[in-house]
Amino acid sequence: MDINILTVFILAIFVGFEIITKVPPTLHTPLMSGSNAISGIAIVGAIIATKVGGEIGTWLGLIAVIFATINVVGGFMVTDRMLKMFKRK
Amino acid sequence: MDINILTVFILAIFVGFEIITKVPPTLHTPLMSGSNAISGIAIVGAIIATKVGGEIGTWLGLIAVIFATINVVGGFMVTDRMLKMFKRK
Amino acid sequence: MIVAIPKEILSGENRVAATPATVKEFLKNGLTVQVESGAGNHSYISDQEYTDAGATIVEDKTALFGGADIVLKVNHCVEGEASLLKEGTIFTSLFQTTKEIDAVKALADKKITGFSMHLIPRTTLAQKMDALSSQSNIAGYKAVLTGASHLGVYMPLLMTAAGTIPPAKVMILGAGVAGLQAIATAKRLGAQVSAFDVRPVVKEQVESLGAKFIEVESSSDDGVGEGGYAKETSDDYKKRQADLIKEHIAKSDMVITTALIPGRPAPILIPKDMVEGMKPGSVIIDLAAENGGNCEVTEQDKIITAEGVIIDGTLNIPSSMPKHATQLYAKNIATFINYMVKDGEVNLDMDDEIISGSMFTHEGNIVHEPTQHALNQ
Amino acid sequence: MIVAIPKEILSGENRVAATPATVKEFLKNGLTVQVESGAGNHSYISDQEYTDAGATIVEDKTALFGGADIVLKVNHCVEGEASLLKEGTIFTSLFQTTKEIDAVKALADKKITGFSMHLIPRTTLAQKMDALSSQSNIAGYKAVLTGASHLGVYMPLLMTAAGTIPPAKVMILGAGVAGLQAIATAKRLGAQVSAFDVRPVVKEQVESLGAKFIEVESSSDDGVGEGGYAKETSDDYKKRQADLIKEHIAKSDMVITTALIPGRPAPILIPKDMVEGMKPGSVIIDLAAENGGNCEVTEQDKIITAEGVIIDGTLNIPSSMPKHATQLYAKNIATFINYMVKDGEVNLDMDDEIISGSMFTHEGNIVHEPTQHALNQ
Amino acid sequence: MDKLFIANLLYVAAAVLFILGLKKLSHPKTARNGNALASVGMLIAIVATLAFYGEIDYKLIILGMIIGSIIGALFAIKIEMTQMPQMVALFNGFGGGASALVAAAEFYSRTGAGETTTFLISTIALSVFVGTLTLTGSLIAFAKLQGLISGQPIVFKGQQVFNAIMAIAMVAFAVGMVLVPVNIYMYFLGVVILAAVLGVTLTIPIGGADMPVVISLLNSYSGVAAAATGFVLMNNGLIIAGSLVGASGLILTMIMCKGMNRSLANVIFGAVGLVQEDASGGAQQQMNIKSYSTEEAAMILDAAEKIIVVPGYGLAVAQAQHAVREVADFLEGQGKKVLYAIHPVAGRMPGHMNVLLAEANIPYEQLKDLDEINPEFEDCDVAIVLGANDVVNPAARHDKSSPIYGMPILDVDKSKTVLINKRTMNPGFAGIQNELFGFDNSIMVFGDAKQMLQQLLKDLKDL
Amino acid sequence: MDKLFIANLLYVAAAVLFILGLKKLSHPKTARNGNALASVGMLIAIVATLAFYGEIDYKLIILGMIIGSIIGALFAIKIEMTQMPQMVALFNGFGGGASALVAAAEFYSRTGAGETTTFLISTIALSVFVGTLTLTGSLIAFAKLQGLISGQPIVFKGQQVFNAIMAIAMVAFAVGMVLVPVNIYMYFLGVVILAAVLGVTLTIPIGGADMPVVISLLNSYSGVAAAATGFVLMNNGLIIAGSLVGASGLILTMIMCKGMNRSLANVIFGAVGLVQEDASGGAQQQMNIKSYSTEEAAMILDAAEKIIVVPGYGLAVAQAQHAVREVADFLEGQGKKVLYAIHPVAGRMPGHMNVLLAEANIPYEQLKDLDEINPEFEDCDVAIVLGANDVVNPAARHDKSSPIYGMPILDVDKSKTVLINKRTMNPGFAGIQNELFGFDNSIMVFGDAKQMLQQLLKDLKDL
Ligand SMILES: NC(=O)c1ccc[n+]([C@@H]2O[C@H](COP(=O)([O-])OP(=O)(O)OC[C@H]3O[C@@H](n4cnc5c(N)ncnc54)[C@H](OP(=O)(O)O)[C@@H]3O)[C@@H](O)[C@H]2O)c1
Ligand SMILES: NC(=O)c1ccc[n+]([C@@H]2O[C@H](COP(=O)([O-])OP(=O)(O)OC[C@H]3O[C@@H](n4cnc5c(N)ncnc54)[C@H](OP(=O)(O)O)[C@@H]3O)[C@@H](O)[C@H]2O)c1
Ligand SMILES: NC(=O)c1ccc[n+]([C@@H]2O[C@H](COP(=O)([O-])OP(=O)(O)OC[C@H]3O[C@@H](n4cnc5c(N)ncnc54)[C@H](O)[C@@H]3O)[C@@H](O)[C@H]2O)c1
Ligand SMILES: NC(=O)c1ccc[n+]([C@@H]2O[C@H](COP(=O)([O-])OP(=O)(O)OC[C@H]3O[C@@H](n4cnc5c(N)ncnc54)[C@H](O)[C@@H]3O)[C@@H](O)[C@H]2O)c1
């Protein structure tokens, strides 16, 4: 395994730990929702999976694409809807 | 160039930006001093340089080792001395 | 029905039982109001103001009393007044029924329905009618002002070019309504205030006003009885408590006493020897003077100096602040009357705690236990 | 040198010029102190306490005056006292030299060196000797207490079961030392306080006590002269200012006036018609009564009621708080004397602002300009 | 430069956008922006993959993406605001599921091609395990919140032990996958099934107020799953984004736990629900008491514009007059309107509240008596009741049997939210319970008034 | 696994320690620990290089490290506490120098070996440029602080233009290195020389209180140099640690600028010194006024144990009685002793301060009059003078010509630190200047007393 990819992994964890420090309670749910949408990055994997595979891989990949797209599209949209509510008059 | 090393670089910068958020003024100098000692990491480069080189490289490397060691040893020691002062009675 | 507001005849009484505002309330409730001419003078209310509010001014006291269905006064029924009333009239005032036995008898004989504002139960609901509270509150406030005027020293701490003036030490004995207001007022003026009362709940109330509650700290070395109670009522405890109070009084610049026990003479909290122990120039305001005083040396309605200590036994202190005393009392009594009156008619609901509780004569009988008791003695 | 402390003979004067504490200070500075028997009675200081501090008690006034090098009093030199003094004696008291011209002459004739505590310069350094400040401060404090006692209403805002009591409105005219202390005390009691003074610096001081300073807002529509000044002294401005004050006074429950102009009669700030405009039962405490009063209706040393308004012109208010009034005055005068005395000897340094400034007679001459001026008129 | 390099470069750009997006998402003012940034990042990542990742079955993918988009968008648009939390749970489950599916796809194709390095198999096992657990756990959370199954914690005896055994078994299967290639498909299936069961059994004992914490934790898991998948595919984008979400989700979970005064362990091991039950099962006679932290109270106040403070005897007992003024000053400084409602019999003597508030120098103009203030509650956002009880007891209005029936009270319940501070559920002077505390718009913040207000001020400043 | 992999793994471990170390260094309680962690990280990095990086000239290196250690240790031990800042500057210069030297060594050997890829040459140019600039800049900073050259800002006409031209020239040389390999050595020399000059000319116009900011910035630069060197050597350890330091150093620099109310641009472009001069050249007649931010004041108070508050008329004007109580309450809550010194003539009427402080309910026991408090200043850590002036004017003690000569004053100057708050340098009631403000142990915090105290409270809580 490439050492650099491990380094990337470790540094990314650090960044993840550090960027979230203080979050007002009202933002707990939107932040959760937004970060959930980001975890839809699995879509990249899903796209790649469709190509690699034999039969099973392709079909699993398709379902994965659907799932991940729901996560991404739904996630960002729901988050945005929540955040719209907070706008101060 | 390896993409991962670039990724590492970018992530490291993010970490650097994120870890320092609020520093009480009394710690400004010690923190500066401590992080200065870390920049003595050039010592690693210096060690490597001694090997690579022809004549010039080696000698430049030696001076670099001396410089970097001063930075590292002096840096950490001075930082520690400063921090010792803050200990509450 | 006609509500009559006579002029008070006890000397030194500046209050009156109605204000233009309460007159309006009566009218709104379907009653008619007659006010004796000049009744409001001492409270800075002119006859004109009553007329403007809708009352009729009556010059003749006999006519006023004789024609009234409800008579509202501040003081109890003074000699001769009872005889002017017609049978069945409702008479309401601040009436110390166990003390003014003769007046009670006169009312009972005339078959008057007598209510005393003294007897209104101290419940949350009845607070709007609680004249004892409203008048005690004035007494507590005024006591501090009078005391501070008597004092030869400043109340607050002052650090000046000519030296540091320590804050006056004020001690309040009895922290009921008057005592609490005295605490608040003395604190406002910057004094160091401590207080004592026999009721233990009062401690929290005293402290909620930022004053110190004087109490013997339960020494932990000699075991404590069930929940600490046994010990605290022990003789030793009582003695130490008394010593502590004595000690505090000796250091005080001003002592205000308000301790009362309903229906009984006021307890003596400051015997003569304690007065002797006080600093010359210090002041005692005895708000219990009317009931015999909490200080042994107090003389009713007099300001005396004994052993260099100024002892003020002035009676009827609320009357010295007539505008607000009248305003509050009138509101209390009007709330009470309007509570009984529906659409212009009185409804004596004997099941009602407030109505039955504050009634002392009815249809020729004395219906208040303790008053009956006092009569029999 | 002998310092003599006579008993005050003006009626109603409870103060005295020394306390046991200041006696000790004199002794430490090498002086001898003689106190007239009973001098401290009204201030609750016994002869014994003076003796304990190191003073000698003298029964005979003539002997006391005749033997003294320095005589310290509270009041000016009352009839007969001057004749008892020996030539060259230093006499110091609260002396209104422009008013008590005869007494000044008597002292000058006797070649007495006279100092008045009234004339001590109002500098930062001299504040320890500033008896005017210490006594005015008492007056301001006491004025509020007396006023509140006269009032028919509460000072603070109270929201009670029998209705909401609005805070009393108190207006202070003249915000020197007495006025500022009156503001502070009235605020302590919870009143709504506003104040006015002719000196513009006072605005900040009034506001620093949390009270409102009454002033005409400079309307921006009609152009402002150099830095706003021209306009503010215009007749229109003055008129609007007067109207504003009148308006405030009409709404006030209590007005305390303290306005003085050194060496001149007090300005009339409340003419009769303003009194008429006030609510019945409201109160005016005129601290300027001694100098003629700020209220036209004020009668010196009397409490009167005019148009339903109580007007208190009581004189010598500090004397009604004798313990502290004496303590502070004695400290002021002792600081002044000890300032002049080095090792038991008086050193009259005429270059010293404080010494020369407060001297009014010396070696047979009247050395104080305005006094000289008053004498010539 | 080769295509993969470009793709990777774009992944890094996407990652940077994710980082910035998450940062902004945690500040109220920039949150919406942050979400937009993150979504742009996602777009870049997707485009990069489609454009530079070589032979892909575009038709299939476009089909899948269209289906997914429609479903996702429909859900997101149709859902009601109150159902947001379960939506997040559902989406999250899909995300976890996708990771697991990708890993599974890789598993079949790579093992089919004979690749069985320890690294590959173990990352696949991890991805499948975490992904599947996330999927089933999220579905349970969704079902609970949506009311499909009971929202109450469901517990049974030996649950912890059962879970532990399952977890151990699953790890054993995973180890088996690596060590015993012969049975690899069987073991794989075992891992999938056990992970699915674990997802259910770990989530089912949690309920009520703790659900958000669980969802947040599951969100963190889905990040971990994505990262693991990233290692399977050796894909930078997945690794960075996945570990970002994994780490930040964990932090968020911990922040949420702290806000509820719980430890994370408490939540993970399903003990949460039990504690919760104890606290609410007390003497409150059917009242549904909502106890909030000062932090949450601060958020509520932050959103309010008109606030009415109702002081009572408890404020005096706590001597909190200065503290309340500080809080009010701060709120006014933020442009809010603050009034004080003084009930005529609040406290223990006439004018008790006046004495108290005068000491703290609260301007008289802000003090309103009963008649003045009662109409004001209608359009008041938050009424803060501080140590008052009898004077805000609605029983006085309707309960003829109540000893205080007929007394006029402060109509705090008319305001949008009633924030009540007292130390316990004990009654006040009149000795009677107060139904107000259980009203839908009532919120309790327990504690001594002074301490509570001081903490509240701190929290307000920290927002 | 191959050796390089192990070395790289250890570098990552070292980087993690650096990160944790820096994090801990920014909190007072963990700072020392953090420093230790970072030094362990460095040890790991060094050992990893020595052990796993293949053929190295151990003898030479050990020699170099011994020499360096001795010099570094001697400096670190011998130096006085007051000289710490210049020490940091010096060490930092060496660090930057080392990076430049390594890059130079690589330059000679790699170009010697015929390697001249754009990437290599440009990273070398960057490393040499930043490293050299750091070296000379740091040396100037050291010299200034050590008093070897004037600490005052040194400015000349056209400085900015000169610097700009130099910078452009240097970039041109660097581009030359990449594009015109023939003249590469000449261009290289040009870069080195120009960088050295730029280091001097950029640092020299800065002086006084701004030096720490410059050192911090140079520290950030040395990180950048190390990172650039890392790219030259394709070494993970250097890249991570270097960019960490570069980024965190920049953040720290910005924090420091913010604390001084300056923009970073202001510092970098040497305009700082000029502004500084204006501020101190005013009407203060030779007094050396130290103006602190509330944040710094908060730190000073944080370290104090006994604090005496000295209120004056200004406190009343600002109506800051409640604010001062809040601050005092907070400090007491931290176990500190707080007293109030009431001068008899503070304010504008007898007892003015008493009225004021009573309003804020400050306990009488804490108020001390002149005679009581003056002996207390001796062992007082901080005296906070709030809007008082005449009553703390030491001229009253010694200056016979002063109108207040002879008045007893509060001996605030006897305490370790005197923190004075007022709005301007205007005099008080007596109309005279106050020499106290220029005392060595005096610190001014300008502003309205109420606002200042509110900010101070916030800063105290943020510590
Ligand atoms: N105003 C008068 O003149 C007067 C005179 C006598 C009686 N009363 C009666 O007193 C009552 C006044 O009503 P109210 O609403 O002001 O008071 P209340 O009904 O007595 O309620 C006060 C509440 O404050 C809470 N509390 C006590 N200490 C506290 C602390 N340190 N921090 C936070 N909360 C605290 C108590 O609950 P916890 O124990 O759970 O904390 C209590 O429930 C009325 O019933 C009135 O009739 C009034
Ligand atoms: N106590 C008495 O009875 C009495 C009576 C009359 C006169 N005095 C005299 O008054 C003086 C009292 O001394 P002091 O030290 O209390 O006062 P001071 O010497 O008058 O000084 C007050 C200082 O407060 C500052 N200040 C004003 N407003 C401020 C605000 N909002 N925030 C922060 N600072 C503010 C002013 O400086 P900036 O303008 O720069 O802010 C001023 O220098 C003495 O000279 C005394 O003799 C006293
Ligand atoms: N329910 C209500 O809403 C309401 C309204 C007003 C008053 N109250 C309550 O009624 C009670 C009586 O108030 P009050 O002012 O009329 O009382 P009071 O005038 O009858 O007595 C004054 C105080 O003296 C105290 N006292 C008696 N003997 C004493 C002794 N030997 N030493 C020291 N103190 C002694 C009493 O405990 C009482 O507190 C108070 O508790 C008050 O809170 C209730
Ligand atoms: N230097 C010191 O340390 C020191 C000490 C004490 C007093 N002082 C100052 O001396 C000054 C005088 O104080 P005082 O109390 O003896 O004053 P005072 O008794 O002579 O007069 C009282 C106030 O009345 C005001 N006044 C006069 N005419 C007025 C009018 N027509 N309308 C309204 N107000 C009018 C005056 O401005 C003054 O403020 C004050 O400013 C005080 O601060 C200074």
Side-chain angles (χ1 to χ4, degrees), chain B residues 1 5 8-9 12-13 15-17 19-20 23-36 38-54 56-58 60-83 86, chain F residues 18-19 22-23 25-26 31-32 35 38-39 42 45 49 55-57 60-61 64-65 67-69 71-73 75-76 87-88 91-92 94-95 97-99 101-102 104-105 108-109 216 219 222-223 226 229 233 237-241 243-245 247-249 251-252 255-256 295-296 299 463:
Chain B
M1 191 190 59
I5 210 159
V8 165
F9 173 63
I13 289 177
V15 175
F17 278 147
I19 42 176
I20 311 290
V23 192
T26 32
L27 283 181
H28 284 171
T29 308
L31 175 58
M32 178 164 74
S33 174
S35 101
N36 165 48
I38 294 176
S39 75
I41 188 74
I43 193 169
V44 167
I47 294 172
I48 297 171
T50 60
K51 151 195 102 156
V52 191
I56 307 181
T58 307
L60 286 178
L62 175 63
I63 307 178
V65 168
I66 296 176
F67 273 24
T69 311
I70 294 177
N71 187 2
V72 169
V73 175
F76 282 121
M77 283 178 73
V78 156
T79 310
D80 197 57
R81 258 191 79 187
M82 282 188 228
L83 290 170
F86 290 133
Chain F
F18 291 155
I19 293 172
L22 281 175
K23 256 185 90 75
L25 262 169
S26 53
R32 232 184 133 194
N35 190 50
S39 65
M42 188 60 75
T49 316
E55 355 127 24
I56 312 181
D57 190 341
L60 208 66
I61 288 168
M65 281 175 54
I67 297 176
S69 298
I71 298 178
F75 269 133
M87 242 336 84
V88 176
F91 291 155
N92 188 49
F94 287 139
S99 290
L101 286 169
V102 173
Y108 286 112
S109 50
S216 175
N219 173 39
S222 75
T229 311
L233 297 172
L238 278 169
I239 293 177
I240 303 179
S243 34
L244 259 184
V245 171
S248 65
I251 294 289
L252 179 59
I255 290 176
M256 287 166 81
E295 203 178 10
E296 290 161 306
M299 287 304 307
L463 280 188

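Everything numeric in this text was worked out from a predicted model, so none of it was measured. So you know, we letter chains A, B, ... as the sequences are listed, proteins then strands, and number each from 1.
- Residues B:Ser35 and F:Asn219 are in side-chain contact: their nearest non-hydrogen atoms beyond the backbone lie under 4.5 Å apart.
- Both the backbone and the side chain of F:Phe18 come within less than 4.5 Å of a heavy atom of chain B.
- Taking 4.5 Å as the limit, some side-chain heavy atom of B:Ser39 sits within range of a side-chain heavy atom of B:Asn71.
- Across B:Val78, B:Ile38, B:Val8, B:Val73, the residue that shares the most heavy-atom pairs under 4.5 angstrom with chain F is B:Ile38.
- Proximity of F:Ile67 to B:Thr69: side-chain heavy atoms (C-beta onward) are nowhere separated by under 4.5 Å.
- Taking the six-membered ring where the residue is Trp, F:Phe94 and B:Phe67 present tilted rings, their angle falling between 30° and 60°.
- Your options are F:Gly97, F:Gly223, F:Ala98, and the one with the most heavy-atom pairs under 4.5 Å with chain B is F:Ala98.
- The choice from F:Val102, F:Ile71, F:Ile240, F:Thr229 that makes the most heavy-atom pairs within less than 4.5 Å of chain B is F:Val102.
- Interface remark: F:Met87 contributes side-chain atoms only to the contact with chain B (heavy atom separation under 4.5 Å).
- Ranking B:Val44, B:Val65, B:Leu62 against chain F, the residue ahead of the rest is B:Val44, based on heavy-atom pairs under 4.5 Å.
- Only the side chain of F:Ala226 comes within contact range of chain B, with heavy atoms under 4.5 Å apart.
- Among the candidates B:Gly45, B:Gly34, B:Gly61, B:Ser33, the residue making the largest number of heavy-atom pairs closer than 4.5 Å to chain F is B:Gly45.
- Among F:Ser222, F:Ser243, F:Gly95, the residue with the largest count of heavy-atom pairs under 4.5 Å with chain B is F:Ser243.
- Contact annotation for B:Val72: only side-chain heavy atoms (C-beta onward) come within less than 4.5 Å of a heavy atom of chain F.
- For the pair F:Val88 and B:Met82, the minimum side-chain heavy-atom distance is below 4.5 Å.
- With contacts defined as side-chain heavy-atom distances shorter than 4.5 Å, the pair B:Thr79/B:Leu31 does not qualify.
- Between chain B and the residues F:Ala45, F:Ser39, F:Ser216, F:Ala31, the largest count of heavy-atom pairs under 4.5 Å involves F:Ser39.
- Between the NZ atom of F:Lys23 and the CD1 atom of B:Ile20 there is a distance of 9.0 Å, given to the nearest 0.5 Å.
- How far CG of F:Leu238 is from OG of F:Ser99: 7.0 Å, rounded to the nearest 0.5 Å.
- Only the side chain of B:Ile43 comes within contact range of chain F, judged by heavy atoms closer than 4.5 Å.
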